[in-house]
Amino acid sequence: MSANSTTSQITLRVSPLAAALLLGATMIGATAWTVTARPAESALAPAPVTVAIVEVARVMNGLNELKERNDIGKIRGAELEKKLQEVEQTIKNIDAELETVIPKNDTKRRTQAMADKFEAENLLKARFQAYKQLLDLENGDIIRDIYAKVILAIEDFAKKNNYDLVLLDDRGMMLPPVGGQERLKAIIENKRILFAKPELDITDRIITIMNNDHAAQPKP
């Protein structure tokens, strides 16, 4: 091989995440060294903190109130769907008239029928978009209302049972089997709880309390 030939080079690149982990390890080591060098500060250690975790999504999905309100939402959706079907039927009726009723040489009637069909098709599109947005907003109101109640229930439970801190349980958030490095990095960086003892989980207790409270409320 001549001196002028091109040779491949391997460059070691440290990702921002790896660099952050290395920096964190260095800082942790420095902190540990400082504590070891100054044992007198151990007397200033903070009091133990009582911690609980809650899987909020599972709480919300386990609430009878949410199921009831979803049932009402399904009825609402069916009513709107019926209105769309009425417009669809109008379009089908016009197509049938153009096919079998209105003579091919009756230009005036056929033109009017085509105009009516065009108007109905635009009405169908407009209603579909409007109903879709309306249902999305109404479902958003349900989620917002239920979520607020869950937060209040967690706060009340924590105060009554002397919990100092309640964290969102995100242990179920795992890396997907397929994904680019940026997506995986985002999941890793956003995950907060890597391990927790099962007895810290108060999710089922919150569900039971909220369903009992809901059942005790007078029904309209």
Side-chain angles (χ1 to χ4, degrees), residues 54-156 168-180 182-184 186-187 190-191 203-204 206-220:
V54 176
E55 192 176 349
V56 175
R58 185 155 66 86
V59 172
M60 295 179 69
N61 289 331
L63 296 180
N64 294 330
E65 180 180 359
L66 180 61
K67 294 181 177 68
E68 293 172 4
R69 295 182 68 169
N70 280 339
D71 289 341
I72 295 175
K74 291 178 182 178
I75 296 174
R76 170 73 164 158
E79 293 173 350
L80 298 179
E81 177 67 20
K82 183 178 180 181
K83 292 182 179 181
L84 293 178
Q85 291 175 351
E86 290 174 354
V87 180
E88 289 179 336
Q89 186 59 49
T90 297
I91 296 173
K92 291 179 181 179
N93 292 341
I94 294 175
D95 284 336
E97 288 182 358
L98 288 169
E99 183 68 24
T100 62
V101 177
I102 303 176
K104 304 294 184 182
N105 58 355
D106 194 338
T107 307
K108 184 176 181 180
R109 288 181 62 190
R110 295 186 69 84
T111 300
Q112 182 59 52
M114 292 296 296
D116 292 341
K117 178 182 177 181
F118 180 74
E119 181 180 359
E121 288 175 339
N122 284 318
L123 176 60
L124 181 63
K125 293 177 181 178
R127 282 190 177 181
F128 176 80
Q129 293 298 329
Y131 293 167
K132 180 181 178 180
Q133 184 175 7
L134 177 61
L135 290 175
D136 186 56
L137 291 173
E138 291 179 352
N139 289 337
D141 289 339
I142 294 174
I143 293 174
R144 188 180 299 105
D145 187 29
I146 295 295
Y147 178 78
K149 292 181 178 180
V150 170
I151 297 303
L152 288 176
I154 293 173
E155 180 180 350
D156 183 64
L168 174 66
D169 184 5
D170 61 359
R171 291 175 297 168
M173 185 174 65
M174 300 296 180
L175 296 179
V178 179
E182 290 302 321
R183 182 186 178 192
L184 298 181
I187 294 175
N190 289 326
K191 192 175 178 67
T203 301
D204 291 332
I206 298 297
I207 293 174
T208 300
I209 291 172
M210 294 191 68
N211 280 338
N212 290 340
D213 288 345
H214 179 67
Q217 294 177 0
K219 296 297 184 284

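- The two residues Pro176 and Leu184 make their nearest non-hydrogen contact at CD-CD2, 3.6 Å.
- Here the CD atom belonging to Glu81 is positioned 12.0 Å from the CZ atom belonging to Arg127, to the nearest 0.5 angstrom.
- For the atom pair CG of Asn139 and CZ of Arg69, the computed distance is 10.0 Å after rounding to the nearest 0.5 Å.
- Taking CG from Leu84 and CD from Glu86, the interatomic distance works out to 9.0 Å, rounded to the nearest 0.5 Å.
- Here the CD1 atom belonging to Ile187 is positioned 12.0 Å from the CD atom belonging to Glu182, to the nearest 0.5 angstrom.
- Counting non-hydrogen atoms of neighbouring residues, nucleotides and ligands closer than 6.0 angstrom, the CE atom of Met114 reaches no more than 12 such neighbours.
- Inter-residue side-chain proximity for His214 and Leu63 is flagged as unmet; no heavy-atom pair is nearer than 4.5 Å.
- For Lys125, the NZ atom sits in a loose shell: 12 or fewer heavy atoms of surrounding residues, nucleotides or ligands are nearer than 6.0 Å.
- A donor-acceptor contact closer than 3.5 angstrom is absent between the side chains of Asn93 and Glu97.
- Note: Lys92 NZ to Glu99 CD = 15.5 Å, rounded to the nearest 0.5 Å.
- Ala120 and Val87 get closest at one heavy-atom pair: O-CG1, 3.3 Å.
- A 4.5 Å side-chain heavy-atom check between Asp106 and Lys108 finds at least one atom pair inside the cut-off.
- A 6.0 Å sphere centred on NZ of Lys82 holds no more than 12 heavy atoms belonging to other residues, nucleotides or ligands.
- Side-chain atoms of Arg76 never come within 3.5 Å of backbone atoms of Leu135 as a donor-acceptor pair (strictly under, hydrogens ignored).
- Nearest heavy atoms, Arg110 versus Leu98: NH1-O, 2.9 Å.
- No donor-acceptor distance shorter than 3.5 angstrom exists from the side chain of Lys117 to the backbone of Asp95, with no hydrogens or angles considered.
- Of the possible polar contacts, none joining the Asp145 side chain to the Asp141 backbone as a donor-acceptor pair under 3.5 Å is found.
- One N or O on the side chain of Asn211 and one on the backbone of Asn64 form a donor-acceptor pair closer than 3.5 Å.
- Annotation: side-chain hydrogen bond (donor to acceptor under 3.5 Å, both in side chains) contacts of Glu88 (sequence neighbours excluded): none.
- More than 12 heavy-atom neighbours from other residues, nucleotides or ligands sit within 6.0 angstrom of CD on Gln89.
- Heavy-atom minimum distance, Met60 versus Tyr147: CE-N, 3.9 Å.
- Listed here is the closest heavy atom pair of Arg109 and Pro103: NH1-CD, 4.1 Å.
- Rounding to the nearest 0.5 angstrom, the gap separating the CE atom in Met174 from the NZ atom in Lys191 is 5.0 Å.
- A side-chain donor from one of Asp116 and Gln112 sits under 3.5 Å from a side-chain acceptor of the other.
- Residues that satisfy the side chain to side chain contact (heavy atoms under 4.5 Å, CB included) test with Thr203, not counting sequence neighbours, are Val54, Glu55, Arg58, Val59, Asp201, Ile207.
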